[in-house]
Peer 1: 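Please see the structure below; I have some questions.
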Amino acid sequence: MAEILKTEGLCRYFGAVTAAENISVSIAAGEVVGVIGANGAGKTTFINMVTGYLPPSAGNIWFNGETIRGLGPRKLTRQGLARSFQIPQLFLELTVMENLLIALNAAENPALSLIQPFRTSGRESQAERILEQMGLGRYRDENVTAMPQGARKLLDIAMAMIGKPRMLLLDEPTSGVSVDEKYPLMDTVMDVVQQQNLTVLFVEHDMEIVRRYVSRILAFAHGEIIGDGTPDEVMNDERVQEQITGRHQGAAAAGGA
Amino acid sequence: MRVDKSEYLIMGAFLLLAGSAFFLPNWLVYLLALALAKALVVQGVVMLMRAGLVSFGQGLYFCIGGYAVGMGGVFLGISDALLLILMGLGCSVILAMVLGLLLTRYREIFFAMLTLAFSMILYGLLVRSHGLGSTDGFNVIRWSILGWTPARGQVGITILWMTLAFGLVIALFLNRYFRSGIGLACEAIRENEVRVEYMGVSRQRVLYINYVIACSIGAIGGSLSALVAGHVDPEMAYWAMSGEFVFIALLGGTGHVAAPFIAAVIFALVRTYAVEHVPNAWQMILGITLLLIILFLPKGIWSLFTRKRRTV
């Protein structure tokens with residue numbers, strides 16, 4: 001499969017602190033990749049660098065064969081690289097419908113009109129289809145503040161997907177979501193991902209979620225990638241067990257496999 | 001383009017005001033014209049507020065609009081009111097396009113203080129300009145419209161109609177603007193700038209366009225005020241004047257394009273009566289009014305209409 005994202009020697013330093021060190025990775029189109037690691041391992045820093053939120057201190061990034069180092073979030077979004085956030089980034093005082101309409105409007109016409117209404121019947125029915133697809137129909141006219149965390153996460157992901165991206169980076173899509181909601185949330189997201197044939201890279205702490213949905217894992221520790229392979233390969237790696245999953249989980253995984 | 005209910009109501013209200021001018025006493029005609037002209041500057045303040053920015057420096061453009069009218073008449077001999085307004089608009093657009101590049105990079109108190117600083121720079125320059133009358137300012141020459149000069153008794157009603165005409169066009173434009181892609185993007189920026197960037201929209205560009213339009217509308221308000229008052233002075237750029245615009249914006253709220261007009265008229269009436277009846281403590285009356293609005297109607301007078309609609 002064709003390579004969609006590639007990083008080479010990616011580093012990020014905050015003064016004397018090394019947040020990411022020499023990250024070189026290649027991701028093929030259509031892959032679903034999980035990123036695991038303890039807090040402070042460099043997972044979010046990696047996503048932030050790839051999506052233009054943080055400039056790398058060194059190294060390079062290619063998306064679709066073109067270098068994207070130094071490009072900001074706006075240009076990367078227009079190139080088809082979208083992301084969701086650990087803390088959903090939504091317009092809290094607006095309704096769910098308005099959130100989606102703003103995103104749809106921006107996706108259709110990023111230059112934005114001065115007088116053409118953003119609310120059109122075509123856009124509204126498109127937003128309704130998205131709400132239906134994500135199972136958010138009942139929140140249509142609610143303010144975002146009235147939604148539970150799981151629904152907010154879904155809305156955040158739905159808004160990231162609206163611009164028809166080619167690759168989606170999800171930062172801890174199930175964090176703060178109740179145990180009962182985690183799997184339905186991921187099932188919903190992965191259904192849409194499959195329908196749109198997206199490449200996905202997602203950061204996750206829940207190893208069961210990672211095992212269930214990904215075909216490849218990148219394991220981070222101290223800003224470096226210490227494991228890269230299939231879930232079984234990475235979970236059984238000694239360094240990964242030692243620094244991320246813990247020996248008991250690795251042993252259980254090995255037993256299960 | 002379909003005309004919506006709001007637009008019919010705005011047109012109706014403006015036509016009613018234009019017609020009522022025949023029956024109103026002259027002092028009230030002038031009061032209304034001045035209040036509506038100032039309401040245009042308040043519209044600019046509201047536009048910025050909707051994007052999460054509070055400007056304490058809209059007096060800058062109010063003053064430039066006013067002084068362009070005054071100077072165009074006195075120094076260039078231009079008497080056509082529309083041309084004078086156009087001059088004020090042109091000067092303000094150029095200045096807003098330059099200052100906007102810097103100001104739209106700042107938020108919250110930094111934006112507020114920088115806007116205030118620029119208006120105070122102009123105030124300082126005007127106070128020291130003896131050729132422009134220093135602190136006293138100077139009078140605006142007798143103006144005409146497209147070659148027709150209103151007689152002494154017709155000046156009030158003419159300027160009120162002209163203010164209403166400008167007000168109507170701007171109100172109709174803003175009614176669409178607030179619901180347009182860029183208008184909503186302003187609200188989105190106020191709520192979450194990070195998400196706006198990740199939607200592929202340039203927040204800088206949106207804020208810049210919004211700022212330039214807000215200042216241009218403010219300048220038209222300043223030009224009309226100068227024509228109504230027949231006089232300009234540096235107080236137009238003073239911080240207290242910018243504060244008055246913010247006061248009126250809070251009084252009306254940001255919920256509808258009609259709110260600043262209603263609030264500006266209420267403000268002018270309260271101030272006029274307060275000065276008349278409590279000449280030594282009229283500021284206190286205004287202060288108490290604002291306090292009551294903030295306590296009981298935090299979203300401004302317009303929320304009374306939306307509340308009523310919800311309970312119906």
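Labels below follow one simple rule: chain letters A, B, ... track the order of the sequence lines, proteins then strands, and each chain is numbered from 1. Only a predicted model underlies this, so the values are computations on that prediction, with no experimental measurement involved.
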Peer 1: Flag the pair B:Arg176 and B:Glu7 as a salt bridge only when some basic side-chain nitrogen lies within less than 4.0 angstrom of an acidic carboxylate oxygen.
Peer 2: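 The answer is yes: the pair qualifies as a salt bridge.
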Peer 1: Heavy-atom cut-off 4.5 Å, strictly under: side chain, backbone, both or neither for A:Asp156 against chain B?
Peer 2: both
Peer 1: Are there more than 12 heavy atoms of other residues, nucleotides or ligands under 6.0 Å from atom CG of B:Leu82?
Peer 2: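 Yes, the 6.0 Å shell around CG holds more than 12 heavy atoms from other groups.
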Peer 1: Relative to chain B, which of A:Glu108, A:Gln89, A:Met159 shows the most heavy atom pairs under 4.5 Å?
Peer 2: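 Top count of heavy-atom pairs under 4.5 Å with chain B: A:Gln89.
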Peer 1: Taking 4.0 angstrom as the limit, do A:Lys153 and A:Glu172 come out as a salt bridge?
Peer 2: no
Peer 1: Measure distances from B:Ile209 to the heavy atoms of chain A and classify the residue's part below 4.5 Å as side chain, backbone, both or neither.
Peer 2: side chain
Peer 1: Are the ring centres of A:Phe202 and A:Tyr213 closer than 6.0 Å?
Peer 2: no
Peer 1: Please classify the contact between A:Phe85 and chain B as side chain, backbone, both or neither, with a heavy-atom cut-off of under 4.5 Å.
Peer 2: side chain
Peer 1: Say whether A:Ser178 and A:Glu181, considering side chains only, have a donor N or O and an acceptor N or O under 3.5 Å apart.
Peer 2: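 Their side chains do contain a donor-acceptor pair, which is all the 3.5 Å distance test asks for.
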Peer 1: Checking heavy atoms, do the side chain of B:Arg205, its backbone, both or neither come under 4.5 Å from chain A?
Peer 2: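 It is the side chain, since no backbone atom gets that close.
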Peer 1: Using a cut-off of under 4.5 Å on heavy-atom pairs, state which of B:Val196, B:Val206, B:Asn192 scores highest against chain A.
Peer 2: B:Asn192
Peer 1: Counting only non-hydrogen atoms closer than 4.5 Å, does A:Ala103 touch chain B with its backbone (N, CA, C, O), its side chain (CB onward), both, or neither?
Peer 2: both
Peer 1: Is A:Glu93 salt-bridged to B:Arg190, going by a charged N under 4.0 Å from an acidic O?
Peer 2: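 So A:Glu93 does not pair with B:Arg190 through a salt bridge.
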Peer 1: Would you find more than 12 non-hydrogen atoms of other residues, nucleotides or ligands less than 6.0 Å from A:Glu132 atom CD?
Peer 2: no
Peer 1: Among B:Tyr198, B:Phe178, B:Phe173, which has the most heavy-atom pairs under 4.5 Å with chain A?
Peer 2: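 Winner by heavy-atom pair count: B:Tyr198.
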Peer 1: Which bit of B:Val201 comes within less than 4.5 Å of chain A, counting heavy atoms only: side chain, backbone, both or neither?
Peer 2: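 For B:Val201, backbone and side chain are both near chain A.
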